[in-house]
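Reviewing the structure listed below.
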Protein chains: 2
Amino acid sequence: MAYQYGASKARAGHNPLGAASTHNITGTGNTSPPAQEASAKERIRDAAIELFGELGFNDVSLKTIGRRAGVSAPLVVHHFGSKTELRRACDRYVTERFHAAKLDAVHREGHMPQNYIFQVMQESRHLVQYMVRAFTEGGEEIDNLLDQLVEDSLVYTAEAEELGQVRPSQNRRHRAALLLLTTFGSMILHKQMKRLLGVSPVDDPPEQWGPYIAAVSEIYLNGVLIPEAYPDLVDFVEAFSSRED
Amino acid sequence: MAYQYGASKARAGHNPLGAASTHNITGTGNTSPPAQEASAKERIRDAAIELFGELGFNDVSLKTIGRRAGVSAPLVVHHFGSKTELRRACDRYVTERFHAAKLDAVHREGHMPQNYIFQVMQESRHLVQYMVRAFTEGGEEIDNLLDQLVEDSLVYTAEAEELGQVRPSQNRRHRAALLLLTTFGSMILHKQMKRLLGVSPVDDPPEQWGPYIAAVSEIYLNGVLIPEAYPDLVDFVEAFSSRED
DNA sequence: TCGGGGGCTGAACTGGTGTTCAGTCCTGAT
DNA sequence: ATCAGGACTGAACACCAGTTCAGCCCCCGA
């Protein structure tokens with residue numbers, strides 16, 4: 001029972017949950033020469049993103065980061081000033097990377113890409129894991145990234161709604177925000193998801209996401225509750241319709 | 001625009017998202033005399049649950065816990081042996097508390113209660129916050145609690161499905177698990193939710209949950225995608241129907 | 001050839017942690 | 001009255017974190 005939905009839909013066109021792409025966004029930055037081995041500073045930054053994403057900011061020591069980067073602990077502060085500033089640098093880097101991935105996808109597809117997050121996810125899970133964990137703690141840079149994701153989601157959802165693919169909403173921004181929050185939130189609990197669904201969208205490759213995609217899709221396609229049984233709730237939801245932007 | 005859905009539905013009967021109750025489950029344990037001021041050991045345990053839930057296990061020192069409990073740090077280890085064992089004690093306590101809340105609700109209502117988590121949530125948010133954070137890190141005791149919540153959810157969803165209130169599913173267990181994971185996951189991101197929806201289900205009282213309830217309900221009532229636009233996805237979901245238990 | 005500066009390190013420092021220890025206080029049984 | 005034991009504390013300990021410091025190496029420009 002192989003997972004192949006992503007591929008088939010990518011051929012068909014719009015695809016809200018997966019996107020096939022071989023484009024590499026995990027290389028070194030735009031301005032640096034293409035095929036050069038990473039500098040110590042870059043290795044430190046990458047190691048920090050991996051470890052912070054995996055274990056959390058306070059559960060990773062500079063020595064651990066240094067070891068993974070093949071470097072001493074003092075060199076980390078030599079390059080980044082302090083652990084806190086290292087964290088901010090990681091925030092900035094991840095934000096830039098997502099921004100670049102979006103621009104790249106827009107350029108390739110000619111319109112707002114369908115959830116470019118999933119592209120990043122398939123190619124560089126560390127970045128996503130870092131981002132998700134950073135969301136839980138907050139911070140100016142990372143909060144802006146989330147805001148941006150909401151805005152982007154709003155745009156491509158509007159496109160999809162116009163094409164009759166997505167239902168209208170009483171509050172599109174709230175819906176977009178909640179969908180992102182629940183998706184990211186469930187990724188924080190990916191170890192439990194592995195136990196309960198047999199899949200971790202963080203540790204397992206996309207080919208194995210089937211059960212997860214299936215469960216999510218069922219809910220998003222059909223809903224869960226039967227509206228006729230909840231007239232009060234239906235009214236309540238409608239009462240919350242507010243000014244759209 | 002006051003939130004009053006919970007109350008109205010509680011009168012009406014079944015209520016998947018809220019439950020009105022004045023019953024107190026936050027008192028001292030079953031066996032202890034009812035109205036006695038908390039012992040130092042209990043105060044320590046409560047302080048630890050609050051702080052662990054708020055800040056995470058490794059970001060809270062024994063001194064901090066002791067200070068909140070009005071006690072010295074060594075007394076914490078005197079009563080609990082070590083910080084790790086304190087954590088396990090908290091896990092056990094929270095698990096017991098949820099178990100007791102369920103039994104209590106079953107006893108009162110005569111059937112599997114509709115999401116007794118929400119009752120606990122309204123009465124003792126600390127417990128929920130601790131539980132959610134504990135899920136991210138895992139652990140035998142806390143994993144069992146989550147498993148139990150899935151099982152319970154399965155039971156009352158079956159009741160509701162029989163009453164025509166909830167849609168059938170290709171994989172009820174996966175759906176139940178995913179709903180719990182996304183709900184809890186979004187609670188981990190409650191600070192972001194506060195920013196994006198204006199409500200934190202952790203920090204704000206239930207009267208203010210309106211925007212959150214509305215957004216969740218809209219999705220659960222109607223879904224998000226229009227199935228006709230995603231025939232492949234519909235097929236894919238159906239292909240994942242598996243043996244129910 | 002030389003000199004300077006940046007990448008980089010080991011050793012040392014400071015502060016905070018969990019834990020141990022010795023001892024005080026209080027209570028309740030004998 | 002006494003004494004045993006548990007609750008409880010301040011001081012001390014070992015450890016580990018982030019950071020500082022002095023100095024090494026090596027490349028590159030003059």
Side-chain angles (χ1 to χ4, degrees), chain A residues 28-29 31-33 36-93 130 133-134 136-139 141, chain B residues 28-29 31-33 36-93 130 133-134 137 139 141:
Chain A
T28 48
T31 58
S32 62
Q36 190 177 352
E37 56 193 68
S39 70
K41 188 169 182 180
E42 291 168 334
R43 291 203 314 275
I44 292 171
R45 187 237 297 131
D46 293 343
I49 288 175
E50 285 183 32
L51 289 165
F52 288 160
E54 200 176 330
L55 303 169
F57 183 70
N58 283 316
D59 290 0
V60 177
S61 71
L62 293 185
K63 189 181 280 187
T64 306
I65 295 171
R67 194 182 315 128
R68 179 165 306 197
V71 126
S72 71
L75 190 66
V76 177
V77 2
H78 172 74
H79 278 302
F80 291 92
S82 72
K83 193 183 181 186
T84 306
E85 291 183 52
L86 169 61
R87 189 219 140 103
R88 270 197 283 270
C90 291
D91 283 359
R92 274 195 303 274
Y93 179 74
Y130 178 91
R133 200 175 275 265
T136 74
E137 304 178 8
E141 200 83 25
Chain B
T28 48
T31 57
S32 63
Q36 190 177 352
E37 57 193 68
S39 70
K41 187 168 182 179
E42 291 167 335
R43 291 201 316 274
I44 292 171
R45 186 240 295 132
D46 293 343
I49 288 175
E50 284 183 32
L51 289 164
F52 288 160
E54 199 176 333
L55 303 168
F57 183 70
N58 283 317
D59 290 0
V60 178
S61 71
L62 292 185
K63 190 182 280 188
T64 306
I65 295 172
R67 194 181 318 128
R68 179 165 306 196
V71 127
S72 70
L75 190 67
V76 177
V77 2
H78 171 75
H79 279 302
F80 292 92
S82 73
K83 193 183 179 186
T84 306
E85 291 183 53
L86 169 61
R87 189 220 140 103
R88 270 198 282 270
C90 291
D91 283 0
R92 275 195 302 274
Y93 178 74
Y130 178 92
R133 199 174 275 265
E137 304 178 7
E141 200 82 26

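Fair warning: this is a prediction, and the values are worked out from it, not measured in the lab. Just so we're on the same page: letters track the sequence lines, and every chain starts at 1.
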task = Go through the structure and list residues passing side chain to side chain contact (heavy atoms under 4.5 Å, CB included) with A/D59, not counting sequence neighbours.
result = A/L55, B/N58
remark   = Minimal heavy-atom distance between A/V77 and A/L62, with the atoms involved, is CG1-CD1, 4.2 Å
Integer-rounded Å distance: C/dT17 C1' and B/L86 CG = 15 Å
ask   = Atom CG of A/N58 and atom C1' of C/dG15: how far apart are they, to the nearest Å?
value = 15 Å
task = For each nucleotide in nucleotides 12-17 of chain D, reading 5' to 3', give B when a protein heavy atom comes within less than 4.0 Å of its base, S when such contact involves only the sugar-phosphate, and - otherwise.
result = -----S
inquiry  = Distance check needed: C/dG18 P versus B/R67 CZ, whole Å only.
reply    = 12 Å
message = Does any part of the side chain of A/L75, heavy atoms only, come nearer than 4.5 Å to the side chain of A/H78, both counted from C-beta?
response = yes
task = First locate atom NE2 of A/H79, then atom CD1 of A/I44, and finally report the distance between them rounded to the nearest 0.5 Å.
result = 5.0 Å
message = For the CG atom of B/D46 and the OH atom of B/Y130, what is their distance to the nearest 0.5 Å?
response = 12.0 Å
ask   = Say you draw a straight line from SG of A/C90 to CD of A/E141; how long is it, rounded to the nearest 0.5 Å?
value = 11.5 Å
ask   = Which parts of residues 45-55 of chain A get close to DNA chain D, meaning a heavy atom less than 4.0 angstrom away?
value = none
ask   = Measuring from B/E50:CD to B/I65:CD1, what's the distance to the nearest 0.5 Å?
value = 11.0 Å
task = May I have the distance from A/D59 (atom CG) to D/dG18 (atom C1'), rounded to whole angstrom?
result = 15 Å
task = Would you name the heavy atoms of B/V71 and B/R43 that are closest together and state the gap between them?
result = CG2-NH2, 4.0 Å
query = So do B/K41 and B/F80 actually touch side chain to side chain, heavy atoms under 4.5 Å?
reply = yes
Between N or O atoms, less than 3.5 Å apart, protein on one side and nucleotides 4-10 of chain C on the other: list the pairs.
| from | atom 1 | to | atom 2 | distance (Å) |
| --- | --- | --- | --- | --- |
| C/dG7 | OP2 | A/H78 | NE2 | 3.3 |
| C/dC8 | OP2 | A/H79 | NE2 | 3.1 |
| C/dT9 | OP2 | A/S72 | N | 2.9 |
| C/dT9 | OP2 | A/S72 | OG | 2.8 |

Can you give me the N/O atom pairs linking the protein to nucleotides 24-26 of chain C at distances under 3.5 Å, or say none if there are none?
none

pair B/R88-B/R92: side-chain heavy atoms closer than 4.5 Å = yes
key: Rounded distance (nearest 0.5 Å) linking atom NZ of B/K63 with atom OG of B/S72   = 10.5 Å
ask   = Where do B/E137 and B/R87 come nearest, in terms of heavy atoms and distance?
value = OE1-NH1, 2.8 Å
request  = Let me know the distance between CZ of B/F80 and P of C/dG18, rounded to the nearest Å.
outcome  = 15 Å
ask   = Can you pull the ring-ring contact (aromatic ring centres under 6.0 Å, His included) pairs that have at least one residue in residues 39-64 of chain A, sequence neighbours excluded?
value = A/F52-A/F57
